[in-house]
Each structure stands twice: as C-alpha cells, then as structure tokens.
Amino acid sequence: MKTLLDVIYYTAAAILTYQIFRAWWHWGILFVKFMFDEPLNKFKSKVEKPRLFFHIVTVGLSLIAFFQLKNSDLYLQFFFFIAILFFGVIFQLTWYDIFETRFVPAVKKRLNKSYSDFKSNYQYEEAIAIYRSLVSNGYLIFEDVNVQLIMEKQFTEILLKGVLPEKPLFSLQMDYLQINVVYERMLPRISQFPWDYFLRIFTDFKGDINLPALQSSVSRAKKKMIIKKKNQYAREQSIIESIFLSAPKYG
C-alpha cells in the first residue's frame with residue numbers, strides 16, 4: 001500500500017514539476033525580452049493570451065490538488081492524482097498546433113454563444129436582402145461564388161446574433177460618404193452600436209476605415225448641402241438608402 005501511495009505521490013510531483021518549469025521557462029524568456037525591449041517576433045497574442053490563461057488555471061489547480069494529495073486517504077489520493085493528470089494533459093496540449101487551430105477557436109465559439117456585443121432587430125430575410133443588394137450593386141465584391149455564399153452566412157450571423165468577428169470581414173467598395181450612410185441606416189435597427197463596432201465588421205477598398213477622415217468628409221459634405229440649399233448629399237447616397245429601406249420587414 002505504501003509503495004502505491006509513493007508512486008502516486010511522486011508521479012503527481014513529476015507532472016506538476018514539469019508544468020511549473022516549462023511554463024516558467026516559456027514566460028520567463030518572454031518577460032526578459034519585454035523588459036529589455038527586445039522584439040517579440042514570434043509572439044502571437046491570440047495564441048499566447050489563451051495559453052497563459054490555461055497555464056494559470058491548470059498549474060494553479062494542479063497545485064491545489066497536489067497539496068491535498070499527501071494528507072488524503074487512498075480514494076481521494078487517486079481522485080487528486082487523476083485531476084493532476086488531467087490538468088497536465090490540458091497543459092501539454094497548449095504547446096501543439098491543435099491548441100491554436102482547434103482548441104482556441106472552439107472555446108471562443110462557445111463563449112460567443114453566451115453573449116452578444118450588440119442587440120439587433122434585423123430578421124433573417126432582411127439581412128439576406130441587404131447583403132445580396134450590396135453584392136449586386138458592386139458594394140461588396142467576391143471573385144469566388146463559394147466565398148460569396150460563405151460570407152453571406154457570416155454577414156447574416158453577425159446581424160442576427162450581434163456577435164462581432166475577430167477581424168473585419170467585409171470590404172465596402174464605397175467612399176466615406178457612402179459608408180456613413182450604411183452606418184446611419186443600421187443604427188435604428190441596432191442598439192449599442194458605436195463606430196468602433198462598425199469598424200470591427202467593415203473596411204473599405206483601401207483597408208481600415210479612417211474614422212476621423214470619414215467624419216470630416218461627412219461634415220464638409222453636409223455643410224455644402226446647407227450652403228447650396230440642395231440635398232445633394234442625400235441624393236448621391238439614394239441607392240444605398242434604398243438597399244436598407246427596401247429590405248423586407250418582419251415582426
């Protein structure tokens with residue numbers, strides 16, 4: 001019996017020691033580089049942040065289980081040993097490609113199901129109609145039909161579920177005045193939707209949208225409209241207005 005307990009104890013100690021020293025080596029090197037302003041060329045925040053989270057959790061829980069191990073009876077020792085072994089396996093997975101390609105996306109997908117970034121009143125038919133109108137008018141361009149269909153699903157999911165993508169997915173082939181119309185037409189149907197959220201979904205044909213430049217362009221255009229007493233600004237954007245206004249309404 002004593003031999004079995006010793007095997008359990010020292011095996012658990014070896015697993016925990018491995019976790020601590022490998023995590024210490026990995027994060028210690030990054031910390032030293034950071035403190036001496038050395039470039040972190042291989043640092044991927046989208047991978048390293050989740051990895052750090054799992055290291056804190058797995059090593060922390062392994063420590064708790066290990067401290068309970070020695071003063072427990074055989075059954076509890078076996079339970080704590082299995083817990084340490086489980087956390088050790090999770091810890092080890094963080095070093096493999098599967099952690100980045102499958103594990104992290106799966107956790108993010110699960111988290112996204114539990115909350116929304118904004119509340120949308122759009123219905124499925126409306127979202128589909130808006131997307132297809134943007135495509136047919138050349139405001140969204142895809143060279144591959146299959147990609148266009150995939151992005152159609154992404155577009156509708158964003159509008160219906162209110163969950164922002166990790167990076168902008170749609171490049172609007174529009175100038176800043178037209179982009180502003182898109183944002184203004186979306187506002188009445190979406191609550192808690194600042195410009196920052198819009199920029200998490202859309203870019204323009206040049207890349208990231210320059211919000212100060214956009215707002216400055218819109219301000220100048222509206223001033224010209226007032227001075228000339230002509231509704232030129234609204235007239236030039238009538239096609240985009242119609243895309244949102246003509247989408248079928250339900251509910």
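By the 4.5 Å heavy-atom criterion applied to side chains, L140 and L172 are counted as neighbours. In this structure, Y176 and D204 have side chains that are in contact, with non-hydrogen atoms separated by less than 4.5 Å. Within the 4.5 Å cutoff, no side-chain heavy atoms of I141 are placed close to those of F205.
Side chain of E100 to main chain of D97: no donor-acceptor pair is present (N/O by atom type, distance under 3.5 Å, no hydrogens or angles). No side-chain donor-acceptor contact under 3.5 Å links N180 to the backbone of V218. S217 places a side-chain N or O within donor-acceptor distance of the main-chain N or O of A213, the cut-off being under 3.5 Å.
The salt bridge (charged side-chain N to carboxylate O under 4.0 Å, His left out) test with E48 is passed by exactly one of K44, K46, R51: R51. The only option from I130, V135, N137 that meets the side-chain contact (heavy atoms from CB on, under 4.5 Å) definition with S133 turns out to be N137. When the options E184, R189, R185, E126 are evaluated for a side-chain contact (heavy atoms from CB on, under 4.5 Å) with F244, the one that passes is R185. Tested against Q19, the residues V59, L63, I90 include a single side-chain contact (heavy atoms from CB on, under 4.5 Å) partner, V59.
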Exercise for review: Check the pair F54, L93 against side-chain contact (heavy atoms from CB on, under 4.5 Å), reporting the backbone distance first and the verdict last.
Suggested key: CA-CA 10 Å; F54 279 101; L93 284 175; over 6 Å; no
Exercise for review: Evaluate the criterion side-chain contact (heavy atoms from CB on, under 4.5 Å) for residue pair Q178 and D175; output intermediate values, then yes/no.
Suggested key: CA-CA 5 Å; Q178 294 170 320; D175 61 31; 3.2 Å; yes
Practice item. Begin from the C-alpha positions of T156 and Y131 and carry the test side-chain contact (heavy atoms from CB on, under 4.5 Å) through to its verdict. Key: CA-CA 8 Å; T156 55; Y131 177 84; 5.5 Å; no
Practice item. Check the pair F170, L134 against side-chain contact (heavy atoms from CB on, under 4.5 Å), reporting the backbone distance first and the verdict last. Key: CA-CA 11 Å; F170 304 97; L134 289 172; over 6 Å; no
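A pairwise comparison of heavy atoms in I84 and A12 identifies CD1-CB, 3.8 Å as the closest pair. Closest non-hydrogen pair, F202 versus F155, comes out as CZ-CE1, 4.0 Å. Across all their heavy atoms, V47 and P50 have their closest contact at O-CD, 3.2 Å.
Between the side chains of Q192 and Y197, no donor-acceptor pair is found at a separation under 3.5 Å.
Surrounding CG of D144 are more than 12 heavy atoms belonging to other residues, nucleotides or ligands, all under 6.0 Å away. Environment of CZ in F31: sparse, with no more than 12 heavy atoms of neighbouring residues, nucleotides or ligands closer than 6.0 Å. Under a cut-off of 6.0 angstrom, the local environment of OH in Y96 is sparse, with at most 12 non-hydrogen atoms contributed by other residues, nucleotides or ligands. Counting heavy-atom neighbours within 6.0 Å of F99 CZ, excluding the residue itself, gives a total above 12.
Annotation: F66 is in aromatic contact with Y9 [ring centroid separation under 6.0 Å]. Side-chain rings of W95 and H55 approach one another, their centers coming within less than 6.0 Å.
Residues Y10 and L16 share a hydrophobic cluster, clusters being chains of Ile/Leu/Val/Met/Phe/Trp/Tyr side chains in contact below 4.5 Å. With hydrophobic clusters built from ILVMFWY side chains whose heavy atoms lie under 4.5 angstrom apart, L187 shares a cluster with M174. Hydrophobic clustering places V32 together with M35 (ILVMFWY residues linked when any side-chain heavy atoms are closer than 4.5 Å, directly or through intermediates). I150 and V163 end up in different hydrophobic clusters when Ile, Leu, Val, Met, Phe, Trp and Tyr side chains are linked at under 4.5 Å. Under a hydrophobic-cluster definition in which Ile, Leu, Val, Met, Phe, Trp and Tyr are linked whenever side-chain heavy atoms come within less than 4.5 Å, directly or via other members, L69 and Y18 are assigned to the same cluster.
To the nearest 0.5 angstrom, Y183 atom OH is 9.5 Å from I190 atom CD1. Taken to the nearest 0.5 Å, the CD1 atom of I15 stands 13.0 Å off from the CZ atom of F86. To the nearest 0.5 angstrom, I8 atom CD1 is 6.0 Å from Q77 atom CD. To the nearest 0.5 Å, atoms CD1 (I201) and CG (L169) are separated by 8.5 Å. Within the model, atoms CZ of F87 and CD1 of I64 stand 8.5 Å from one another, a figure rounded to the nearest 0.5 Å. Here the OG1 atom belonging to T58 is positioned 10.5 Å from the CD atom belonging to Q92, to the nearest 0.5 angstrom.
Classification of the W24-F21 ring pair by plane angle, with boundaries at 30° and 60°, yields perpendicular.
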